[in-house]
Amino acid sequence: MGCQEELLVEKVCEIYEKISRLETLKPSKDVNMLFTQLVLTCMPPSPNLDLTKLSKTVQEIRSKLIRLCGEAEGLLETHFSSLLGSLDNPLDNLNLFPYFSNYLKLSHLEFTILRRHLAASACPARAAFVGSGPLPLTSIVLAKNHLPTTAFHNYDIDPLANSLASRLVETDPDLSKHMFFHTTNILDVYNRYMAPGAILMIRSAHGARAFLYPVVDSCDLRGFEVLSVFHPTDEVINSVVIARKLKFPMHLSLDHEGLAPLMLPCKCSDQIQAFCPLNHEVAIEEHLS
Ligand SMILES: C[S@@+](CC[C@H](N)C(=O)[O-])C[C@H]1O[C@@H](n2cnc3c(N)ncnc32)[C@H](O)[C@@H]1O
């Protein structure tokens with residue numbers, strides 16, 4: 001690692017120290033300022049940053065930061081979902097959420113990449129979104145702007161998140177016909193629900209952005225063929241990974257029923273990855289199982 005990367009890591013650790021001293025991660029001036037500083041520090045490309053070369057202490061700080069970012073994002077979403085839910089037309093006011101424009105850009109990017117891998121005429125019949133949260137902006141934007149006939153099945157472990165999300169969507173009779181919410185821990189959902197040939201889209205992170213979000217390595221996606229990996233360099237923070245469920249998986253570890261689990265990729269250093277609210281998966285099924 002060069003001098004520039006060392007300075008970056010030092011800055012990230014300083015911000016972590018300040019964030020970890022906060023009494024709460026609920027939205028406030030201090031919380032917003034520190035997370036904005038963190039994001040701006042991690043955003044520029046850092047081609048020479050090698051995560052495997054970070055010291056154990058910095059690796060631990062990285063894991064803690066990913067968890068803190070997820071927690072803060074969840075609280076921010078809860079705050080804005082409650083606020084929007086108190087308005088007459090919540091879906092006409094989504095731009096009150098400070099990062100709404102980022103969601104528009106990210107969803108557009110994801111749709112553009114996804115479209116290349118779908119059959120020419122395809123608006124997929126069903127999509128599952130994992131970790132939809134109290135403010136399911138990705139599903140809303142995809143459904144409203146890009147995939148108007150797709151049925152979106154949103155999964156979240158948190159019943160409160162789902163009740164806040166349903167409340168928003170119910171205000172739009174058209175949208176609510178094809179948005180469904182399920183309270184489930186995704187780790188209890190198995191690969192058997194994805195048909196062979198179905199598409200899996202995952203958010204990952206690259207460079208110093210890996211201090212904010214978990215990294216998904218292609219080799220973690222057992223039973224899937226990775227079709228494309230895209231690393232944005234602008235204010236869209238997440239990388240996008242697209243994979244296709246194999247018809248004849250050759251290298252799966254099978255459970256007692258001969259089925260391979262749909263496991264969110266989780267490296268040892270990223271134990272929280274499977275639980276990280278910021279690593280979403282969208283499984284698009286062109287072929288119903
Ligand atoms: C921060 S929210 C982000 C979603 C965002 N609203 C969007 O539209 O892209 C992520 C959600 O993931 C959920 N989550 C975390 N671990 C999960 C798991 N194991 N199973 C299902 N949901 C999970 C959290 O409860 C949280 O509400």
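Ligands are counted one by one from 1 in listed order, and the atoms in each one are counted from 1 as well. Values below: every heavy atom of this structure, side chains too, minus hydrogens, waters and symmetry copies. All figures in this text were calculated on a predicted structure; none of them were measured in a lab.
No heavy atom of Val130 sits closer than 4.0 Å to any atom of ligand 1. At least one heavy atom of Arg203 sits under 4.0 Å from some atom of ligand 1. Distances from ligand 1 to the non-hydrogen atoms of Thr184 include at least one value under 4.0 Å.
Only the backbone of Ser132 comes within 4.0 Å of ligand 1, counting heavy atoms alone; no side-chain atom from C-beta on gets that close.
Across all their heavy atoms, Ala208 and Leu8 have their closest contact at CB-CD2, 3.6 Å.
Phe97 and Phe80 have perpendicular rings, their planes meeting at more than 60° on a 0 to 90° scale where under 30° would count as parallel. A tilted orientation is assigned to the rings of Phe152 and His178, their planes being inclined by 30° to 60°. Using a 30° and 60° split on the angle between ring planes, Phe111 and His146 fall in the parallel class, below 30°.
Of the N or O atoms in Glu77, one or more lie within a sub-3.5 Å distance of an N or O in ligand 1. For a threshold of 3.5 Å applied to N or O pairs, the pair formed by Leu137 and ligand 1 contains at least one separation below that value. Taking distance alone, with nitrogen or oxygen atoms compared against 3.5 Å, Ile186 approaches ligand 1 more closely than that limit. Of the polar atoms of Ile157, at least one N or O is found under 3.5 Å from an N or O of ligand 1, judged by distance alone.
In this view, Asn145 and Leu104, Val141 satisfy the side-chain contact (heavy atoms from CB on, under 4.5 Å) rule, not counting sequence neighbours.
Interface atoms of ligand 1 facing Pro136, defined by a heavy-atom separation under 4.0 Å, are 6 (N), 8 (O). Below 4.0 Å from some heavy atom of Asn185 lie the following atoms of ligand 1, by number and element: 18 (C), 19 (N), 20 (N).
Between atom 27 (O) of ligand 1 and the options Asn162, Asp156, Thr183, Asp158, the minimum heavy-atom separation is to Asp156. Across the listed options Asp188, Asn238, Leu135, Thr138, Thr138 owns the non-hydrogen atom lying nearest to atom 9 (O) of ligand 1.
Of the N and O atoms on the side chains of His206 and Ser239, not one donor lies less than 3.5 Å from an acceptor on the other residue.
Ser46 places no side-chain N or O within 3.5 Å of a backbone atom of Gly207 that could act as its donor or acceptor partner.
A salt bridge links Lys56 with Glu60: at least one charged nitrogen is closer than 4.0 Å to a carboxylate oxygen.
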